[in-house]
Amino acid sequence: MKKNSLFDLNRQLNALSVFRSILETDIVSSLQKLLNAVEKSSLDEQLLCYGAFSNALYRQGGNLSQFVKNFVLGDENFYLEKKLHREKIPSVIEESLQRELQLLKKLSVVTSSAVQELIDYDRDLPRWDTEETDLKKEYDAMLEALPYSGHGIFAEYRAFKVKNGRLIPVKNPDLQTIDQLYGYQRERSQVLENTRALAEGKPASNVLLYGDAGTGKSSTIKACANAFFDWGVRLVEFDKHQLREIPEIIEQLYDSPLKFIFYIDDLSFGQNDDDFSSLKGILEGNVADYSKNIAIYATSNRRHLVRESMEARVGDDLHLNDTLQETMSLSARFGLTITFSKPEKDLYLSIVKNLSAEYGIQMAEDELFKKAEAFAIRSNGRSPRTAKQFVRLLSIGIK
């Protein structure tokens, strides 16, 4: 690249609009300072700027082309926001985008030798890598894949928690798959098919999984979300005390091309619990009516979700039946309710057998089943969780 071409490129970068935030990165800001120094400053200043730029680039891997490409594909600019919101984009903005992609392509192939030729210095200087990249093709492919791969944190992560009204990525999510869960095929198939409908943009129900502890309700939800990650499904986990934040998160996500499972684990309410009314209103649709890309999946050990005392059931309410109906109404607002009961002996032992094969345990079946039954008696009874705990202990030699 010729001397004047580099200086002209530097000036053109100042006029960036769509990808303007690249000017604020350490790499591009230090490169601009370097080119300005080469044009106007002393040799010492040029060398200082050269070292600062190469240091910034080395911190990002030392490949200028890769840095530019990664920035362009990850930049959450106003053009992308309009695309995500399905807004009509004026032709002048489209034209500006194309010009800037061409300009950034030129930036991405600026070589160390081209810059060193501008500096009157006969010693070796740090070098960096470049490679040919078709930024327009890469960017168009990214836009086309938005409904499935997402963008920004949604492209990198599959599960999120909520903190202060913001989504925080779960960096080490549970990657369990449906194939790794044994038993309850009928129950899990219903959750899986409902999740498939959500992924395909079809009407999907809110789902309540209730039943005994340790039967795999939470694992089922996470495994179903994992099954459709490549279809654009992401999992957002709420604690019970965060239910009032659901409308705010819906507002952030309602027009996203991705699909979201709002997951609430171990859901239950006490008497006069304000969170009860919050969730009831959301499930009735007065908040989430337009959010076709969101479904609420909850687990509970209680069919009717509200803890009741005998006093509450007998009560002194003049309209006692209405009060009791209200406590039961919340679970009725889930379109799909699935029961996970503690397994009978045959199912429990079948789960033990499958898990033992998965863990590579070599033991006579009669002895395995005898030990598994004894472990269940000492623990909390038969359940998939008990079976897994038993097999894990067995696999490390604790019998």
Side-chain angles (χ1 to χ4, degrees), residues 158-159 173-200 202-229 231 233-238 240 259-268 279 283 294-306 328-358 369 372-373 376 379-392:
R158 66 181 62 222
D174 186 345
L175 300 178
Q176 195 164 45
T177 67
I178 286 289
D179 293 339
Q180 294 172 315
L181 301 176
Y182 302 111
Y184 301 94
Q185 283 86 356
R186 182 184 64 83
E187 291 83 356
R188 290 197 174 100
S189 67
Q190 294 180 66
V191 185
L192 193 67
E193 288 308 309
N194 192 73
T195 309
R196 186 188 306 278
L198 176 68
E200 293 177 347
K202 298 176 182 177
S205 296
N206 298 317
V207 184
L208 173 64
L209 289 71
Y210 87 93
D212 296 296
T215 49
K217 302 182 295 294
S218 298
S219 296
T220 296
I221 291 175
K222 293 174 182 178
C224 286
N226 288 334
F228 292 99
F229 172 76
W231 295 41
V233 173
R234 303 293 183 267
L235 189 74
V236 181
E237 183 173 357
F238 291 83
K240 190 181 82 74
K259 312 299 188 298
F260 298 90
I261 293 174
F262 283 11
Y263 164 51
I264 311 164
D265 194 26
D266 197 18
L267 185 63
S268 66
L279 183 57
L283 292 172
I294 295 170
I296 297 175
Y297 286 19
T299 71
S300 179
N301 296 336
R302 296 174 178 272
R303 173 65 176 85
H304 297 304
L305 303 179
V306 180
M328 294 186 289
S329 65
L330 181 59
S331 59
R333 281 172 168 76
F334 286 90
L336 178 60
T337 300
I338 304 171
T339 306
F340 281 69
S341 300
K342 278 199 173 183
E344 297 294 335
K345 178 179 178 180
D346 289 348
L347 177 56
Y348 170 69
L349 294 178
S350 174
I351 295 171
V352 168
K353 182 177 179 180
N354 282 306
L355 285 171
S356 297
E358 182 181 317
F369 288 173
E373 282 283 82
S379 302
N380 296 319
R382 301 185 186 106
S383 74
R385 181 183 295 164
T386 299
K388 193 162 192 175
Q389 290 171 345
F390 165 69
V391 172
R392 279 181 171 174

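As a basis for the values below, the full set of heavy atoms in this structure was taken, side chains included, without hydrogen atoms, waters or symmetry mates. Along the sequence shown, the residues carry numbers beginning at 1.
Atom NZ of Lys342 has more than 12 neighbouring heavy atoms from other residues, nucleotides or ligands inside a 6.0 Å radius. Heavy atoms of other residues, nucleotides or ligands lying less than 6.0 angstrom from CG of Asp266 number more than 12.
With hydrogens and angles disregarded, a donor-acceptor distance shorter than 3.5 Å links the side chain of Asn226 to the backbone of Asp174. No donor-acceptor distance shorter than 3.5 angstrom exists from the side chain of Thr215 to the backbone of Ser341, with no hydrogens or angles considered. Judged by distance alone, the side chain of Thr177 and the main-chain N or O of Ala223 form no donor-acceptor pair under 3.5 Å. Of the possible polar contacts, one joining the Arg234 side chain to the Phe229 backbone as a donor-acceptor pair under 3.5 Å is found. Between the side chain of Lys217 and the main chain of Ala298, no donor-acceptor pair closer than 3.5 Å is present.
Side-chain contact between Arg158 and Leu235 is absent, with no heavy-atom pair separated by less than 4.5 Å. The shortest distance between side-chain heavy atoms of Tyr184 and Pro384 falls below 4.5 Å. Side chains of Lys259 and Trp231 form no contact here, defined as non-hydrogen atoms less than 4.5 Å apart. Residues Thr220 and Phe340 are in side-chain contact: their nearest non-hydrogen atoms beyond the backbone lie under 4.5 Å apart. Two residues are said to be in side-chain contact when any heavy atoms from C-beta on lie closer than 4.5 Å; Asp265 and Ile221 fail this criterion.
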Given Leu355 and Phe390, is the side-chain contact (heavy atoms from CB on, under 4.5 Å) satisfied, shown in steps? CA-CA 10 Å; Leu355 285 171; Phe390 165 69; over 6 Å; no
Given Lys240 and Leu267, is the side-chain contact (heavy atoms from CB on, under 4.5 Å) satisfied, shown in steps? CA-CA 7 Å; Lys240 190 181 82 74; Leu267 185 63; 4.0 Å; yes
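Across all non-hydrogen atoms, the minimal contact from Ala372 to Leu349 is CB-CD2, 4.2 Å. For Val352 against Ala387, the heavy-atom pair with the smallest separation is CG2-CB, 3.7 Å. Scanning all heavy atoms of the two residues, the minimum distance from Arg188 to Ile178 falls at CD-CD1, 4.4 Å. Across every non-hydrogen atom of Tyr182 and Glu358, the tightest pair is OH-OE1, 2.8 Å. Of all non-hydrogen atoms in Leu336 and Gln190, the two that sit nearest each other are CD1-OE1, 3.7 Å. The shortest heavy-atom contact between Val391 and Ser356 is CG2-OG, 3.8 Å.
Between Glu373 and Arg382 a salt bridge is recorded (basic side-chain N to carboxylate O distance below 4.0 Å).
Taking OH of Tyr210 as the start and OG1 of Thr339 as the end, the distance is 3.5 Å to the nearest 0.5 Å. The structure places CD of Gln180 at 9.0 Å from CG of Leu175, a figure rounded to the nearest 0.5 Å. Note that OG1 of Thr299 is 7.0 Å distant from CG of Leu209, once rounded to the nearest 0.5 Å. Atom CD of Gln176 sits about 11.0 Å away from atom SG of Cys224, to the nearest 0.5 Å. Remark: Gln185 CD to Leu347 CG distance equals 8.0 Å, nearest 0.5 Å. For the atom pair NZ (Lys388) and OG1 (Thr386), the distance works out to 12.5 Å, reported to the nearest 0.5 Å.
Between Tyr263 and Ser218, the side chains place a donor N or O and an acceptor N or O closer than 3.5 Å (distance only, hydrogens not considered).
Each of Asn194, Asn206, Leu208 was evaluated against Tyr297; a single residue qualifies, Asn194, per the side chain to side chain contact (heavy atoms under 4.5 Å, CB included) test.
Between Phe262 and Phe238, the ring planes are tilted. Angles from 30° to 60° get that label.
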